[in-house]
Amino acid sequence: MARFERILEKSKIEAINEEEALYIFKETEQEEKSTELLQTARFVREKIMGNTFKWSGGIARVLRCNLKPLCQYCPYWRKKGDEPLGIEEILKGVDYIARHGLQEFHLSGGTTLRSDGSDVLEIVTAIRAAGYNDMELDINCGAAMSFDTLKELKQLGVKLVRSVFETINPQVFNKVKPGDDLEEKKKFARLIGEAGLGLGTGIMAGLSPNETKYQDYVDFIFHIKHYEHLKSVYVSKFFPFNGIPMKDHPSCSDWEAARLIAVMRLVLRDKDIGWAAGWGRDNYPAPLMAGAGNRVGGIHINRTPHYHVYQNEEYLYEDNMEFHNHMESTSKKLKELGIEITL
């Protein structure tokens, strides 16, 4: 049996190591071996995590991003006059999510470096005061909260806070996130655990140059593995949106991002591995085909975009807010994959 097949067989029983992960990345540039990798990753997910998924929702732009300059890949906050959702709008979004039976959702917003997080605390306090006490919250607002704020969030029932790196290669980080601070992100990740909360993070596939990308992926996976309180990680996919400084940077391929998810599954075996920005509904291979799970987004709420990509039964535009509900169409697709979704 060749080394590639031996590593995949080993991965069905135990986690692969750094050297093996790097080897797998290099060996799977051809579709045939990539397919074998994805099949193995799905096997590991089903063996350890099962094949039952849970719905989740999300509310974006709950805070303004005050990073200067903005991240080079991000299309948000580039138009003068952009405003975050106010608390009453956020509560309207929470009500929409709750009425559709979802029991968990995330709040995502911009970052103000070295903030104490009182703005986040105000939002969560308002959500609980409005009677939404049983819904699980996932907070993703940058490395910008004090230890006291994190402790108060825990008392309010928050179980997970994210410190999203996108990359841990210092040179790449400083180039694409010049207004952010990698060391602050790492400190914040540790602080989340000290406050007794679960850690979530994320990586953006396609940021690194070809010469270092596989090593960068491996370094990221094994860095976050060391956080004992790690619960969740998502993979975004770089896309050259109009108006961003990186508009000439190549888009990340579906296969590259899917392979990243798959290798991640062979290492982070019992973690929730999700997907975020850059993935479309027609991506092939899709994240679930690469071993992602076991949560799937069903509802996403945002400020109404400057353009309406879709105008159908899944998209409701009301009071300058966008309500994107694709639970029905997603259920049909996942049923074809033999995946059951629960509330």
Side-chain angles (χ1 to χ4, degrees), residues 45 48-49 53-63 90 93-94 97-98 102-111 115-117 119-128 132-166 184-204 220-221 223-236 261 264-265 268-277 287 292-301 342-343:
R45 185 202 71 214
I48 295 174
M49 306 284 286
F53 282 63
K54 189 175 183 180
W55 285 119
S56 67
I59 304 177
R61 291 207 234 189
V62 301
L63 294 177
I90 293 170
V94 176
I97 291 171
L102 277 65
Q103 297 172 351
E104 61 179 58
F105 63 97
H106 69 262
L107 297 171
S108 61
T111 298
S115 165
D116 65 0
D119 42 11
V120 175
L121 186 59
E122 183 182 6
I123 293 169
V124 176
T125 299
I127 290 171
R128 296 309 194 203
Y132 303 103
N133 294 307
D134 297 328
M135 301 181 78
E136 288 192 22
L137 298 182
D138 171 341
I139 310 295
N140 183 13
C141 294
M145 290 177 225
S146 68
F147 182 75
D148 288 342
T149 295
L150 290 169
K151 293 292 287 184
E152 290 190 64
L153 289 174
K154 184 182 180 185
Q155 290 176 357
L156 287 167
V158 172
K159 292 192 169 51
L160 186 141
V161 175
R162 292 187 182 270
S163 183
V164 177
F165 301 117
E166 307 292 13
E184 286 294 319
K185 294 269 190 184
K186 293 178 179 179
K187 290 178 186 176
F188 187 57
R190 294 191 293 269
L191 199 66
I192 290 167
E194 291 170 14
L197 292 159
L199 170 66
T201 189
I203 183 173
M204 180 169 282
F220 173 88
I221 293 169
H223 175 79
I224 66 172
K225 183 181 181 182
H226 293 310
Y227 295 106
E228 294 182 358
H229 54 299
L230 177 69
K231 303 296 182 185
S232 175
V233 55
Y234 64 68
V235 175
S236 298
I261 289 175
M264 194 176 283
R265 175 59 69 196
L268 308 176
R269 305 170 71 80
D270 61 349
K271 308 305 179 187
D272 182 67
I273 300 176
W275 59 100
N294 284 25
R295 279 172 173 75
V296 60
I299 293 174
H300 188 261
I301 297 166
T342 66
L343 292 171

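Side chains included, hydrogens not; waters and symmetry mates left out as well; all remaining heavy atoms used. For reference, positions follow the sequence shown, starting with 1.
Few gaps surround CG on Asn133; more than 12 heavy atoms of other groups in view lie less than 6.0 Å from it. Counted within 6.0 Å of NZ on Lys54, heavy atoms from surrounding residues, nucleotides or ligands total more than 12; the atom is thus considered enclosed.
Note that the CD1 atom of Ile123 and the CD1 atom of Ile90 stand 4.0 Å from one another [nearest 0.5 Å]. Note that CZ of Arg45 and CG of Asp272 are 11.0 Å apart. Values are rounded to the nearest 0.5 Å. Distance CG/Asp270 to CD1/Ile48: 7.0 Å, rounded to 0.5 Å. Rounding to the nearest 0.5 angstrom, the gap separating the CE atom in Met145 from the CG atom in Leu121 is 9.5 Å. A distance of 5.5 Å separates CG in Leu107 from CG in Leu137, rounded to the nearest 0.5 Å. In this structure, the separation between CD1 on Ile224 and CG on Leu199 is 8.0 Å, given to the nearest 0.5 Å.
Taking both residues in full, the closest heavy atoms of Met49 and Asn294 are given as O-ND2, 2.9 Å, listed atom of the first, atom of the second, then distance. Minimum interatomic distance between Ala98 and Tyr132 (heavy atoms only, all atoms of both residues): CB-CE2, 4.0 Å. When every heavy atom of Phe188 is checked against every heavy atom of Ala143, the shortest pair comes out as CD2-CA, 3.4 Å. Of all heavy-atom pairs spanning Val62 and Cys141, the tightest one is CG2-SG, 4.1 Å. For the residue pair Gly58 and Ile97, the shortest heavy atom distance occurs at N-CD1, 4.2 Å. Smallest separation of non-hydrogen atoms from Leu150 and Ala195: CB-CB, 3.7 Å.
Checking side-chain atoms of Ser236 against main-chain N and O of Ala276 turns up no donor-acceptor pair under 3.5 Å. Of the possible donor and acceptor atoms, none in the side chain of Arg295 sits under 3.5 Å from a partner among the backbone N and O of Ser56. Of the possible donor and acceptor atoms, one in the side chain of His106 sits under 3.5 Å from a partner among the backbone N and O of Gly57.
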Exercise for review: Assess whether side-chain contact (heavy atoms from CB on, under 4.5 Å) is satisfied between Trp275 and Val296, documenting all intermediate values.
Suggested key: CA-CA 9 Å; Trp275 59 100; Val296 60; 4.0 Å; yes

Exercise for review: Determine, step by step, whether Lys225 and Lys271 satisfy the side-chain contact (heavy atoms from CB on, under 4.5 Å) criterion, reporting the C-alpha distance in whole Å, the side-chain angles of both residues, the deciding distance to 0.1 Å, and the verdict.
Suggested key: CA-CA 10 Å; Lys225 183 181 181 182; Lys271 308 305 179 187; over 6 Å; no

Practice item. Check the pair Trp55, Thr342 against side-chain contact (heavy atoms from CB on, under 4.5 Å), reporting the backbone distance first and the verdict last. Key: CA-CA 6 Å; Trp55 285 119; Thr342 66; over 6 Å; no

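Annotation: side chain of Ile221 is not in contact with side chain of Ile203 (no heavy-atom distance under 4.5 Å). Residues Val120 and Thr149 fail the side-chain proximity criterion, which asks for heavy atoms closer than 4.5 Å.
His229 pairs by the ring-ring contact (aromatic ring centres under 6.0 Å, His included) definition with Tyr227, not counting sequence neighbours. For the ring-ring contact (aromatic ring centres under 6.0 Å, His included) test, no residue two or more places apart in sequence or in another chain qualifies with Phe220.
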Donor-acceptor pairs under 3.5 Å, side chain of residues 158-165 to any protein atom, not counting sequence neighbours: which ones?
unit_1, atom_1, unit_2, atom_2, d
Arg162, NE, Asp138, OD1, 3.3
Arg162, NE, Asp138, OD2, 3.1
Arg162, NH1, Thr201, O, 3.1
Arg162, NH2, Asp138, OD2, 3.1
Arg162, NH2, Ser232, OG, 2.8
Ser163, OG, Lys185, O, 2.8

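Glu194 pairs with exactly one of Leu191, Ile192, Leu197 by the side-chain contact (heavy atoms from CB on, under 4.5 Å) rule, that one being Leu191.
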